[in-house]
J.: 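Submitted below is the structure of interest, expressed as structure tokens.
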Protein chains: 2
Amino acid sequence: MISQKAKYALRALLALCKAPPEASLMIAEISKSQAIPKKFLEQILLELKRAGIVMSRRGRLGGYVLLRPADKITFGEVLRLIDGPIAPLPCLSKIAYRRCADCQDEASCEIRHVFAGVVKAQREVLDHTSFADAVRAGRVPDLS
Amino acid sequence: MISQKAKYALRALLALCKAPPEASLMIAEISKSQAIPKKFLEQILLELKRAGIVMSRRGRLGGYVLLRPADKITFGEVLRLIDGPIAPLPCLSKIAYRRCADCQDEASCEIRHVFAGVVKAQREVLDHTSFADAVRAGRVPDLS
DNA sequence: TATATCTCGGCTGAACCGATCGGCATTCGA
DNA sequence: TCGAATGCCGATCGGTTCAGCCGAGATATA
């Protein structure tokens, strides 16, 4: 299960993707349209900003804009930022590799072996699906 | 990330799979050989028993045995039992479907659409990998 | 300057996780 | 028949994470 926070982050970014290009959205607008608690959304957008995914303007007429085109932002990137590693085992994580304390030999670890297959499949999807892809798939009725 | 508890459960079952057929293993043995806290392992094996995956005998010479052949127990089954739903969103879970509170229309939800791809891939692996498969892959050097 | 907006740190209550404890029930060997 | 070994079971605990809230401060525009 992904966290509520990650879900909010994805929805906020989708809202920004769908907004007219170059227009900026205020926290309050996104909060209202997406039903996300305002103060919580504040934190989330701040993290996205620090990660270089969005940028903000303060003061009257402030708000948030995407810093990169929507096809250069992947689901995987956002998920890792908010929820941490995608991998189901620490010894399979790209961003936070940690040896399993009690596993003598990774190469012969059956569990690792099975989950290596899982994480590969996950990455296949998450690291190759951009927000542009997601919006496109949502707009056109999916025929697959 | 799967929980520590799930990792223990998988390791315990692997130990039972590798034990001589019809032999039973005591909690203390598994605990020692797999470096799992004994009292915690006790809980875990109890859950596996209630789920019909293993059976136990009490008293002197007690212990645990697999209730089903190793090729009839999948990783997915054990994971769902210990950690709950595998699906990354409640609205994609087989065993615990829940509508996302704030999602008007599931069919047009971009997030759901993307994660449907993820969960499909996960299930492909987890529900089709048995403990027999895992042990086999661990024994023979993997050439893939 | 006034005011709407983002910034940022801290805080809280609830839930969850990993683990432990102590007592009870059952089984078998002496 | 007794007692030791083993599984069964409920309770509890300390720490961590999650979801969300509060309030003061910085900043840009009208």
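For clarity, every value in this text was computed on a predicted model and none was experimentally measured. To find a chain, count down the sequence lines: A is the first, B the second, and so on, and within it residues start at 1.
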J.: Considering every strand and a 4.0 Å limit on heavy-atom distances, what is the contact class for B:K49: base, sugar-phosphate, or nothing?
T.: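 Result for B:K49 = sugar-phosphate.
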J.: Ignoring hydrogens and angles, state whether a donor on the side chain of A:D83 or A:S3 is under 3.5 Å from an acceptor on the partner side chain.
T.: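 Looking only at side-chain atoms, A:S3 and A:D83 do form a donor-acceptor pair, the distance falling under 3.5 Å.
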J.: Measure from NZ on B:K5 to C1' on C:dA19 and round the result to the nearest Å.
T.: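 These atoms are roughly 11 Å apart.
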J.: Taking A:E77 as the fixed residue, which of A:R123, A:K94, A:R68 is the one that meets the salt bridge (charged side-chain N to carboxylate O under 4.0 Å, His left out) rule?
T.: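 Only one of A:R123, A:K94, A:R68 forms a salt bridge (charged side-chain N to carboxylate O under 4.0 Å, His left out) with A:E77, namely A:R68.
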J.: Output the rounded distance in Å from CE (B:M1) to C1' (D:dT16).
T.: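 Between C1' of D:dT16 and CE of B:M1: 15 Å.
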J.: Using only side-chain N and O atoms of B:Y64, determine if any of them is under 4.0 Å from OP1 or OP2 of D:dT6.
T.: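 Answer is no, no contact under 4.0 Å.
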J.: Looking at every strand, decide which applies to A:I27 at a 4.0 Å heavy-atom threshold: base, sugar-phosphate, or nothing.
T.: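 Sugar-phosphate, backbone atoms only, no base.
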J.: Does C:dA19 have OP1 or OP2 under 4.0 Å away from a side-chain N or O of B:Y8?
T.: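 Checking C:dA19 against B:Y8, a side-chain N or O does come within under 4.0 Å of OP1 or OP2.
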J.: If you compare every side-chain N and O of B:S56 against the phosphate oxygens of D:dT6 (OP1, OP2), does one of them come in below 4.0 Å?
T.: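 No, outside the criterion.
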J.: Heavy atoms only: give me the nearest A:A116-A:V119 pair and the separation to one decimal.
T.: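 Heavy atoms only, the tightest pair is O-CG1, 3.3 Å.
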J.: For the pair made of CD in A:Q4 and P in C:dG13, what is the distance, rounded to whole Å?
T.: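 So the two atoms are 21 Å apart, to the nearest Å.
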J.: May I ask you to evaluate whether B:R57 reaches the phosphate of C:dC28, defined as a side-chain N or O under 4.0 Å from OP1 or OP2?
T.: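 For C:dC28, OP1/OP2 do have a side-chain N/O of B:R57 under 4.0 Å.
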J.: Could you work out which one of D:dT29, D:dA19, D:dC8 sits closest to the side chain of A:S3?
T.: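 So the nucleotide nearest the side chain must be D:dA19.
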J.: Rounded to the nearest angstrom, tell me the gap between atom CD in A:Q43 and atom C1' in D:dT17.
T.: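 Distance, rounded to whole Å: 13 Å.
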J.: Counting only side-chain heavy atoms from C-beta out, which of D:dA24, C:dC28, C:dA25 sits nearest to B:R58?
T.: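 My answer, after comparing the listed nucleotides, is C:dA25.
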J.: Which nucleotide, D:dA19, C:dG18, C:dG22, lies nearest any side-chain atom of B:E42?
T.: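 Of the candidates, C:dG22 comes closest.
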J.: Using whole Å, what does the distance between atom P of nucleotide C:dT20 and atom CD1 of B:I44 come to?
T.: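 It is 11 Å, rounded to the nearest whole Å.
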J.: For B:I2 and C:dG18, give me the distance from atom CD1 to atom C1', rounded to whole Å.
T.: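 Between C1' of C:dG18 and CD1 of B:I2: 14 Å.
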J.: Would you check if the side chain of A:R58 reaches a backbone N or O of A:G62 as a donor-acceptor pair within less than 3.5 Å?
T.: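 Such a contact is absent between A:R58 side chain and A:G62 backbone.
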J.: Expressed as a whole number of angstroms, how long is the span from A:K38:NZ to C:dT7:C1'?
T.: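 Between C1' of C:dT7 and NZ of A:K38: 13 Å.
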J.: Mapping A:F40 and A:R60 to their closest nucleotides on DNA chain D, which lands nearer the 5' end?
T.: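 On the 5' side of the pair lies A:F40.
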J.: Nearest-Å distance, NZ (B:K39) to P (D:dG14)?
T.: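 Going from NZ in B:K39 over to P in D:dG14 covers 19 Å.
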J.: Going hydrophobic residue to hydrophobic residue with side-chain gaps under 4.5 angstrom, can you get from A:L81 over to B:F115?
T.: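 Yes, because A:L81 and B:F115 connect within a single hydrophobic cluster, where side-chain heavy atoms sit under 4.5 Å apart.
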J.: Which nucleotide in the list D:dC9, D:dT29, C:dG29 gets nearest to the side chain of B:L61?
T.: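 Closest nucleotide among those given: C:dG29.
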